[in-house]
Amino acid sequence: MDSVSSDDEIDWMFDKSNQTPVKQLEEATSTEKSTPSAWILSRSGNTPDTPYNLKSNTVSSLKDQRTEPGKRGRKSLTSMFPNIVPTAKDFIEEHGYQADSRRRCDTARSSGVTLDQIKNKLVDKIPGLKERGIHKTTVHHMLAPPDKRLKSSSTVYKQEIDAKLCSKQNNIRKEDANSHFYSTRVKYSMEFASKYSNDCVLLSCDNKNKIHIGTLAVSRYHQLRRFYPSGDRPDFPDHDFPFPGYLITPCGYMLLCSKSSEQNIQNKCQDELNREHYPIYRTGPLTVVNRVSQFHKSTVESHTNDLIPILKEQFSLDALVLNSYCPGQSAYNPIEHAWSPLSDALAGVILPPNIHGEEKAPCQQKLSKEEKTQKEAVVFDTAMRRLNEYWNNLKFDGFDVKSLYQPCLEEGGPTRDHSHIHELLSKSPTAIKKNPELFEELQQCIGHIYRRIHSITIIKCTKLNCIHCTENPVIKQEACSLLRRFKGLPSPRPDTKHEGHFLTFIDICDSDVTEYEDIHMPKYQQAELGKCPDCPLYCFTSQTEKQKHRKLFHQ
């Protein structure tokens, strides 16, 4: 028997009793009258039901399947059965993710297919393939390789069908015509902070998903990628029954900055259109403040109290600019990238819901309201201290992660009037005017605010009759002068040289643009709310706000 290559599709013939290669059996049968039987064995170990005689035409038929003279090995299955590839391709496409979501009939459904399903489909549809036989490994090698970086990707996988094992994604976001405008405005704020890096502090802020107490701290879908002693495998309850209200809210504040201690704004970068930009930084030191919503809710007041110790001496601000991405697209927020490694650090962790020495959680005990509050405060503080121990030794992109917590029975900080102010502002304009102290303060604030849709700039004024700004004059004159010029950060304007793009921050600052309304935002155009004629720096975000503002300040 001639030598053959070690292709995956090659079958070997062995003697049933001692697995003697066929070539030796052929030599043996030439000298002996007896004719031993042989089995045709594939690499999978599958055997046919009937033994083959070595002197029969079976050996000749196998020799006929070899390639042309001068080439090693046998013909591939795809050359022997040309319909294999198109049949498999059609079957995979018929059960693809997009096809399954569009299907309207009542036939059997399948989102994706397995190798066994592809193999069975080929055997049913292609005549002669069942008799010839096909292994699912052969089917797998017709598909795209799982990783093209591997050496076997070009030698083993034929890549005749563009299909591979896929992991699920969650990148589908709600489409919004305003998203490009919002993203450009956020990019302007990042470049502004880079331009005035010695004068500005840039923060990316958001809350993380709540951490559970008493059950797995994070979803069981976070895989354990750690080593444990043999025989000490983590074992968790087969059902998660959460304790009501036993949740920790992590509030994150990331200071976006360069990894280098010296930032050089002269090192500008270029985009794909060769337009210049100031460098943008998307990572930095991360501070997480944990609190339990049963005792302290996450509000503007709590965030303000969190930022005071984080910023320290920088908190004496000349201006404050607040921007956001388009609603539903917070995934673009730089701090979002830090939540995954923090969740991975809690994979398999269960924060105890009970006080040490007690079997039941306070919510499961018969306690008075005051006793329950006291015990739950101890449980939550203990859980948050333990949470800090998991997070304080982490780094994100080379930057430190600092985890703090707000004790349940302690007040948060110097700002404590949020609930009172919120209650007053929720009342009618007539009721607000009856509170002269509050109304005077609101009038004072309106003169320092540049208001747009989902964007607020609070800046010190230059009026001589303003007591606060006179006693605390502007320090960073250059940065504030740019904000005053555009009544906040520049509003994106279309780039006439590049269709579908907005002007860069550098281009718009170098231009003679003086408009500050968001006239190129689709939402602004559709709502037709405009700005206040008496407060030209105040743009309305809703019809209700427009009516309330007019009644409160101008009637």
Side-chain angles (χ1 to χ4, degrees), residues 203 205-218 240-255 285-312 315 335 338-339 342-343 345-346 349-394 400-426:
L203 288 166
C205 309
D206 200 3
N207 287 356
K208 186 188 180 304
N209 286 344
K210 290 180 170 55
I211 305 299
H212 293 262
I213 300 175
T215 61
L216 286 172
V218 294
D240 290 336
F241 296 104
F243 294 83
Y246 281 37
L247 300 169
I248 300 173
T249 303
C251 305
Y253 310 90
M254 181 180 286
L255 180 63
L286 173 63
T287 301
V288 183
V289 181
N290 301 300
R291 54 175 51 87
V292 176
S293 58
Q294 279 193 28
F295 292 86
H296 302 290
K297 296 186 181 299
S298 179
T299 62
V300 175
E301 177 184 299
S302 65
H303 293 314
T304 303
N305 291 329
D306 292 344
L307 287 171
I308 291 175
I310 293 173
L311 297 178
K312 298 178 182 177
F315 205 77
I335 197 174
W339 295 143
L342 264 63
S343 294
L346 297 178
V349 172
I350 298 179
L351 300 174
N354 55 294
I355 296 176
H356 182 69
E358 296 184 357
E359 295 183 358
K360 294 183 178 181
C363 63
Q364 297 174 330
Q365 302 177 26
K366 294 182 178 180
L367 302 171
S368 65
K369 185 177 181 180
E370 184 178 350
E371 289 176 332
K372 180 184 176 185
T373 299
Q374 293 293 330
K375 283 196 171 186
E376 286 186 334
V378 174
V379 169
F380 296 153
D381 287 348
T382 303
M384 289 189 288
R385 282 196 297 268
R386 183 172 296 189
L387 177 61
N388 291 347
E389 294 173 1
Y390 284 105
W391 282 352
N392 274 325
N393 61 347
L394 297 180
D400 291 333
V401 175
K402 185 178 181 180
S403 183
L404 309 172
Y405 79 97
Q406 181 178 352
C408 293
L409 299 179
E410 295 182 11
E411 294 294 337
T415 304
R416 302 179 184 177
D417 57 353
H418 173 266
S419 58
H420 176 63
I421 298 298
H422 184 270
E423 181 182 356
L424 291 175
L425 292 179
S426 300

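Considering every non-hydrogen atom in both Asn388 and Ser403, the closest pair reads OD1-OG, 2.6 Å. Glu301 and Ser419 make their closest contact through OE1-N, 4.2 Å (heavy atoms, listed as atom of the first residue, atom of the second, distance). The minimum heavy-atom distance between Leu346 and Trp391, with the atom names listed, is CD1-CZ2, 3.5 Å. In plain terms, the two heavy atoms of Cys251 and Ser298 that are nearest each other are SG-OG, 3.7 Å. Nearest approach of Gln406 to Asp381, heavy atoms of both residues: O-OD1, 4.5 Å. Of all heavy-atom pairs spanning Ala383 and Ile213, the tightest one is CB-CD1, 3.8 Å.
Counted by atom type alone, Gln365 and Glu371 present zero donor-acceptor pairs between their side chains at under 3.5 Å.
Atoms CG and CZ, on Leu404 and Arg385 in that order, are 14.0 Å from each other to the nearest 0.5 Å. Of the inter-residue distances, the one linking His303 atom NE2 with Asp206 atom CG reads 8.5 Å to the nearest 0.5 angstrom. Put simply, CG on Asp306 and SG on Cys205 are 9.5 Å apart, with the number rounded to the nearest 0.5 Å. Between the CD atom of Gln364 and the NZ atom of Lys366 there is a distance of 13.0 Å, given to the nearest 0.5 Å. In this structure, Leu255 CG and Leu311 CG are separated by 7.5 Å, a value rounded to the nearest 0.5 Å. Rounded to the nearest 0.5 Å, atoms CD (Glu376) and CD1 (Ile355) are 9.5 Å apart.
In the displayed structure, Asn209 atom CG is contacted under 6.0 Å by at most 12 heavy atoms of other residues, nucleotides or ligands.
Take Phe243 and apply the ring pair (Phe, Tyr, Trp, His ring centres under 6.0 Å) test, not counting sequence neighbours, and it matches Tyr246. With sequence neighbours excluded, no residue satisfies ring pair (Phe, Tyr, Trp, His ring centres under 6.0 Å) with His212.
Judged by distance alone, with hydrogens and angles left aside, the side-chain atoms of Asn305 form a donor-acceptor pair with the main-chain N or O of Thr415 at under 3.5 Å. Looking only at distances, a side-chain donor or acceptor of His296 sits under 3.5 Å from a matching main-chain atom of Cys408. A donor-acceptor pair is defined here as one N or O able to donate and one able to accept, closer than 3.5 Å; such a pair exists between the side chain of Gln294 and the backbone of Gly245.
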For this session: Decide side chain to side chain contact (heavy atoms under 4.5 Å, CB included) for Phe380 and Ile248; before the verdict, give the C-alpha distance in whole Å, the side-chain angles of both, and the deciding distance to 0.1 Å.
Result: CA-CA 8 Å; Phe380 296 153; Ile248 300 173; over 6 Å; no
Report task. Test side chain to side chain contact (heavy atoms under 4.5 Å, CB included) on Lys375 and Leu367 and set out the steps. Result -> CA-CA 10 Å; Lys375 283 196 171 186; Leu367 302 171; 3.9 Å; yes
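Side chains of Ser302 and His418 form no contact here, defined as non-hydrogen atoms less than 4.5 Å apart. A heavy-atom distance below 4.5 Å is found between the side chains of Val289 and Arg291. Val378 places none of its side-chain heavy atoms less than 4.5 Å from the side chain of Gln374. Residues Leu216 and Ile350 are in side-chain contact: their nearest non-hydrogen atoms beyond the backbone lie under 4.5 Å apart. In this structure, Val288 and Leu387 have side chains that are not in contact, with every pair of non-hydrogen atoms separated by 4.5 Å or more. Looking only at side-chain heavy atoms (C-beta outward), Arg386 and Pro352 come within less than 4.5 Å of each other.
No option in Val218, Leu342, Asn290, Val292 other than Val218 meets the side-chain contact (heavy atoms from CB on, under 4.5 Å) test with Ile211.
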